Amino acid sequence: MNLSLSGEGHFGGFGGAFIPETLYQPLEELKAAYASFSADPEFNQQLNQLLMNYSGRPTPLTFCSRLTAEIGGAKIYLKREDLNHTGSHKINNALGQGLLALKMGKTRLDAETGAGQHGVATATVAALLNLKCTVYMGAVDMQRQGPNVLRMRLLGAEVIAAKAGAQTLKEAISDALRDWAENLEDTYYLLGSALGPHPYPTMVRNFQRVIGLELKEQVLKAEGQLPQLLVACVGGGSNAIGMFHPFLEDPVKMIGVEAGGQGIESGKHASRFNGGSPGVLQGTLTHILQDPDGQILETHSISAGLDYAGVGPEHCQLFESGRVDYTFATDDQALSAFKKLSQFEGIIPALESSHALAETLLRAKSMAPDEVIVCNLSGRGDKDLDALIKGGLI
Ligand SMILES: *Cc1c(COP(=O)(O)O)cnc(C)c1O
């Protein structure tokens with residue numbers, strides 16, 4: 001175990017690398033490779049080319065005129081990560097790490113997935129870069145997200161069911177880490193959010209910063225001012241930190257929105273900042289949902305992508321310093337925002353993104369008409385329609 005909490009990879013008292021001995025060397029190798037390639041102009045040029053010509057970046061900044069008129073407050077804009085290839089921001093990180101794996105001479109990608117969005121993004125990048133690919137997915141999630149399992153297999157990936165515990169994302173991460181430890185020679189572990197041991201939280205954040213960097217230029221051009229407020233949903237925290245990070249030094253308010261599930265009192269939620277406490281989960285010290293004995297609690301959310309007991313460690317620092325506010329939206333609030341955006345703007349958002357949207361609509365109301373609020377639309381909702389129809393919710 002490397003329990004050191006001083007030095008790199010620490011966000012206030014959070015982060016670090018709480019790992020078994022076997023992963024020490026591969027993480028050192030990853031740190032060195034990332035440090036070297038992230039500073040390499042050729043790597044950056046290749047990545048930018050892929051983001052532009054393969055994923056379709058820059059993604060648009062869309063003004064919601066009907067929604068703004070309906071709510072009657074601040075101007076509501078969406079950063080359209082849903083328009084990326086494969087339908088969410090996950091591809092930004094998958095392309096970055098996939099290219100890094102290739103440069104490191106690896107021939108196989110290993111990943112976990114919850115709803116399947118990260119698995120699909122990783123399988124896509126593996127096909128593009130001619131790498132083998134294995135994706136671990138909880139057996140329960142495989143049943144809930146059948147179409148994404150088919151998609152990954154069609155793309156050439158092997159999908160393996162994680163059958164321990166609750167058979168969801170946490171168990172899939174454990175299996176993917178174990179696979180990595182057993183296949184270090186040829187395998188690159190492609191983690192899907194700003195989570196896990198150092199250097200993953202920093203590396204994933206840097207690959208997602210493209211969201212905030214583009215946004216800053218776009219909003220200055222559209223409005224001649226910085227926005228007053230940024231809003232993003234927080235699962236592991238990668239779309240939120242990617243949007244927020246370039247604005248941290250600016251006078252811009254930010255809100256991260258977690259999954260409130262059926263309400264905090266019900267215990268059926270995934271709000272690590274309302275009911276969680278500091279602890280170690282899957283390699284990092286962060287806010288987690290745990291019982292008094294430190295056993296990880298079951299989480300609940302209508303959106304599989306926000307349904308995880310831990311959160312990216314950098315968000316813990318931003319929470320404790322008060323630089324970013326964290327709140328939650330319930331399943332019902334998210335569903336109502338989901339329908340509203342569909343009907344007022346012709347955009348069907350992912351259920352994850354709908355949490356951010358619910359808070360955006362709430363805040364916009366009490367802001368002035370010359371103020372600007374930008375919601376990160378992390379993904380599109382096509383993937384959610386089956387489950388919503390089966391649940392009788394639409
Ligand atoms: C995975 C996912 C999320 C949650 O992940 P973060 O790392 O918190 O961004 C949010 N929205 C969509 C569409 C996703 O696929």
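Just follow the structure's listing: the first ligand is 1, and inside any ligand the first atom is 1. What you are looking at is a predicted structure, and each value in this text was computed from that prediction instead of being measured. Every heavy atom of this structure was used, including side-chain atoms; hydrogens, water molecules and symmetry mates were not.
- In the candidate list S354, G237, A232, G237 is nearest to atom 8 (O) of ligand 1, counting heavy atoms.
- Put simply, no part of A240 is less than 4.0 Å from ligand 1, judged by heavy atoms.
- In the model, Y308 has a side-chain atom that pairs as donor or acceptor with a side-chain atom of Q282 under 3.5 Å.
- Contact analysis puts H89 in contact with ligand 1, with a non-hydrogen atom separation below 4.0 angstrom.
- Considering backbone and side-chain N/O atoms, S353 never comes within less than 3.5 Å of an N/O atom of ligand 1.
- Nearest protein neighbour of atom 6 (P) of ligand 1, counting heavy atoms only, is S238 N, 3.3 Å.
- For G192, no nitrogen or oxygen atom sits less than 3.5 Å from a nitrogen or oxygen atom of ligand 1, counting backbone and side chain alike.
- K75 and E371 are not joined by a salt bridge, as no carboxylate oxygen comes within less than 4.0 angstrom of a charged side-chain nitrogen.
- No donor-acceptor contact under 3.5 angstrom links the side chains of S378 and E352, judged on distance only.
- Around atom CD of Q49, more than 12 heavy atoms belonging to other residues, nucleotides or ligands sit under 6.0 Å away.
- Under the 4.0 Å criterion applied to side-chain N and carboxylate O atoms, E29 and K106 are assigned as salt-bridge partners.
- The pair R108-D179 meets the salt-bridge criterion, with a side-chain N (NZ, NE, NH1 or NH2) lying under 4.0 Å from an Asp/Glu carboxylate O.
- Numbered from 1 in the order shown, with element, the atoms of ligand 1 that lie under 4.0 Å from a heavy atom of N239 read 6 (P), 8 (O), 9 (O), 10 (C).
- Between N92 and Q208, the side chains place a donor N or O and an acceptor N or O closer than 3.5 Å (distance only, hydrogens not considered).
- Remark: minimum distance from atom 4 (C) of ligand 1 to any protein heavy atom is reached at G305 O, 3.4 Å.
- In this structure, D141 and T168 approach most closely via the heavy-atom pair OD2-CA, 3.4 Å.
- The environment of N53 atom CG is dense: over 12 non-hydrogen atoms of other residues, nucleotides or ligands sit within 6.0 angstrom.
- For atom 12 (C) of ligand 1, the nearest non-hydrogen atom of the protein is S378 OG, 3.5 Å.
- Not one N or O of L306 is nearer than 3.5 Å to an N or O of ligand 1, by distance alone.
- Heavy-atom proximity to C233, at under 4.0 Å, picks out these atoms of ligand 1: 10 (C).
- Distances below 4.0 Å separate heavy atoms of S193 from the following atoms of ligand 1: 6 (P), 7 (O).
- Distances from atom 1 (C) of ligand 1 to the heavy atoms of Q117, K90, E81 show the closest one on K90.
- Every atom of ligand 1 with a heavy atom of G235 under 4.0 Å away is listed here by number and element: 8 (O).
- Every atom of ligand 1 with a heavy atom of G379 under 4.0 Å away is listed here by number and element: 13 (C).
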May I have the step-by-step check of ring-ring contact (aromatic ring centres under 6.0 Å, His included) for F14 and H315, ending in yes or no?
-> CA-CA 9 Å; F14 298 94; H315 286 288; over 10 Å; no

